[in-house]
Amino acid sequence: MPRLYAVISILLVLVSFTHQGPLQPIPAEEIESSINKTIQEIGTSDSTRSALKISELVANIGTKERHCHFHAEQDTDNPPSCEVVNRDYNIPLRWGMVVAILVASAAGVYSPIMMRVNMPSTTNALFIFIKQFGTGVVISTAFVHLFTHASLMFENKCLGRIPYEATPAAILLAGVFVSFVVEFLSHRFFARRQTDDQQASSDLVNIFVLESGILFHSLLIGITLVVTGDSFFVTLAVVIGFHQLFEGIALGSRIAELGLPRMRAMVQVPTGSSYGTMSNDEVPLLGGNNTPAPTGISTKRKLFLASGFAFVTPLGMILGMAVLHRFNGNDPFTIVALGSLDAFSAGILVWTGVVEMWAKDWLAGGEMADQNNIRTGLGLLGLISGMTLMGVLGKWA
């Protein structure tokens, strides 16, 4: 009979644990009190104590330390302290990481631009992979990183219960709509001017919208990285380094394309030309020798456009160190500000990633719409790889 009661007690603990959910384990004091009470009622045989010990271990499963999102002072596994947390920060390590993040960001965003100088063909298979990899990175960043972080911000207990639970989604929607309005008005403006470089001007606006969404959250990444406690700083810094590298590739691959003729829209085969029977991939581009025609967007200008991304996260880290001992990531105003910027940036990247990059490249008239099987496969591989890698990084950052 004692064994039967012990088994029943284990089942009751399991049921209680399941009811409370994996992120709300049974308090240790409650477990100890229940065990002592049960021992008094059913006896103290060795078998009973062993069974009850098992029940205690089962109930404490939920208290094991887990990897979680940790930004500013927000730890999703533990109740936050709503006051400024006094910590000892390793300042030399943080300055070293400023340089490391700068190198990772610059390498990511400048590399595609310099590669484009040496590989000018718009049908280069390697660049097709890189460009679609960047598309996957942007889309994954919007949903897995930014929107997730924004939702966590607005769930912070120090903020209290917000009356409108869909606040992060509503702000994301605002970001999508603002991006649409900016691009719609710019397209109408350039169409009325009927300039020769209308396409290049429209592409430039697309880049500005994309870069603005990236720069907003990159600045926040820098600030929140340096105020993270030393126990998690190195892990998060390494993850952010890869994040900046991949996101830099995404932005750089699009900047590198500025001014280049579109594979389908810009290549025209004259009637009766010897190219009349060739596929789109085989027709030499304007300018001869399978190189794009010269445009007004120089490599130096492209590198200048990319420099904002290279420096913005290190700048955020420097700003974070300036307020290192005064920054309170759980202050309600800070929570709302960071959460709103994350959600709004997510909306911008949803628009640029899904509409301007994914749909424009792959649907009717896009450069990937009629590619051969090999290039289509490479494009899909790049797209999936970008989404997957950034999705995996979302486990930690």
Side-chain angles (χ1 to χ4, degrees), residues 104-146 179 203-218 221 240-260 262-263 297 299 302-303 305-310 312-313 345-346 348-363 366-369 371 375-394 397:
S105 301
V109 75
Y110 290 144
S111 295
I113 299 173
M114 301 311 299
M115 287 175 60
R116 196 41 130 178
V117 174
N118 299 314
M119 298 186 304
S121 170
T122 56
T123 60
N124 184 281
L126 177 59
F127 207 81
I128 285 176
F129 175 87
I130 292 174
K131 188 175 179 180
Q132 298 308 315
F133 175 86
T135 300
V137 166
V138 169
I139 295 171
S140 185
T141 298
F143 289 105
V144 177
H145 292 254
L146 294 181
S179 301
D203 289 344
L204 193 59
V205 172
N206 295 343
I207 292 296
F208 282 143
V209 172
L210 170 63
E211 191 164 10
S212 65
I214 292 176
L215 292 184
F216 276 143
H217 85 266
S218 294
I221 284 175
I240 294 300
F242 282 106
H243 176 281
Q244 292 300 105
L245 177 66
F246 296 150
E247 202 165 45
I249 291 173
L251 179 61
S253 64
R254 294 291 164 165
I255 294 177
E257 295 279 282
L258 281 175
L260 299 184
R262 297 190 183 278
M263 280 187 279
I297 304 178
T299 300
K302 293 177 181 179
L303 292 173
L305 289 172
S307 296
F309 174 81
V312 69
T313 301
S345 298
I348 294 174
L349 295 190
V350 167
W351 171 265
T352 54
V354 175
V355 178
E356 292 295 336
M357 299 169 73
W358 195 356
K360 184 174 285 187
D361 284 351
W362 287 87
L363 301 183
E367 61 187 45
M368 298 300 299
Q371 290 288 348
R375 288 193 174 96
T376 299
L378 282 173
L380 286 172
L381 179 61
L383 186 66
I384 295 171
S385 298
M387 291 180 178
T388 302
L389 286 175
M390 289 302 283
V392 170
L393 291 182

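In this structure, the side chain to side chain contact (heavy atoms under 4.5 Å, CB included) partners of S105, at least two apart in sequence or on a different chain, are I101, Q244, F309. Here H217 pairs with H243 under the ring-ring contact (aromatic ring centres under 6.0 Å, His included) rule; sequence neighbours left out. Shown here are the side chain to side chain contact (heavy atoms under 4.5 Å, CB included) partners of I207, two or more places apart in sequence or in another chain: E211, R254, I255, L258. With sequence neighbours excluded, the residues that form a side chain to side chain contact (heavy atoms under 4.5 Å, CB included) with I384 are T388. Partners of L303 under the side chain to side chain contact (heavy atoms under 4.5 Å, CB included) rule, at least two apart in sequence or in another chain, are Y110, I113, M114, T299. The side-chain hydrogen bond (donor to acceptor under 3.5 Å, both in side chains) test applied to W362 returns Q132, not counting sequence neighbours.
Rounding to the nearest 0.5 Å places CZ of F133 at 10.0 Å from CG of L381. To the nearest 0.5 angstrom, I221 atom CD1 is 8.5 Å from H145 atom NE2. To the nearest 0.5 Å, the span separating CD1 on I214 from OG1 on T141 amounts to 7.5 Å.
Here the shortest heavy-atom pairing between S218 and E247 reads OG-OE1, 3.9 Å. The minimum heavy-atom distance between G353 and T135, with the atom names listed, is O-CG2, 4.0 Å. The minimum heavy-atom distance between G391 and S140, with the atom names listed, is N-OG, 3.2 Å. Considering every non-hydrogen atom in both A104 and G241, the closest pair reads CB-O, 3.6 Å. For the residue pair A125 and L378, the shortest heavy atom distance occurs at CB-CD1, 3.6 Å. Contact detail for T376 and Q371: the closest heavy-atom pair is OG1-O, 3.3 Å.
Proximity of a side-chain donor or acceptor of S212 to a complementary backbone N or O of V209 within less than 3.5 Å is detected. Not one N or O on the side chain of K131 forms a donor-acceptor pair closer than 3.5 Å with the backbone of S253. Side chain of T352 to backbone of L210: no donor-acceptor contact under 3.5 angstrom is found.
Inter-residue side-chain proximity for L305 and L204 is flagged as met; some heavy-atom pair is nearer than 4.5 Å. Looking at heavy atoms from C-beta onward, L349 lies out of side-chain contact with F143 at the 4.5 angstrom threshold. Counting only heavy atoms from C-beta outward, the side chains of M368 and I128 approach each other to under 4.5 Å. Residues E257 and D203 form no side-chain contact, since every pair of their non-hydrogen atoms from C-beta on lies 4.5 Å or further apart.
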One pair to check against side-chain contact (heavy atoms from CB on, under 4.5 Å): M115 and L126. What are the steps and the verdict? CA-CA 10 Å; M115 287 175 60; L126 177 59; 3.8 Å; yes
Checking salt bridge (Lys or Arg N to Asp or Glu O under 4.0 Å) for the pair E367/K360: CA distance, chi angles, key distance, verdict? CA-CA 8 Å; E367 61 187 45; K360 184 174 285 187; over 6 Å; no
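When the shell of 6.0 Å around CZ of F129 is examined, it contains more than 12 heavy atoms from other residues, nucleotides or ligands.
Note on ring orientation: taking the six-membered ring where Trp is involved, the planes of F242 and F246 are tilted (angle from 30° to 60°).
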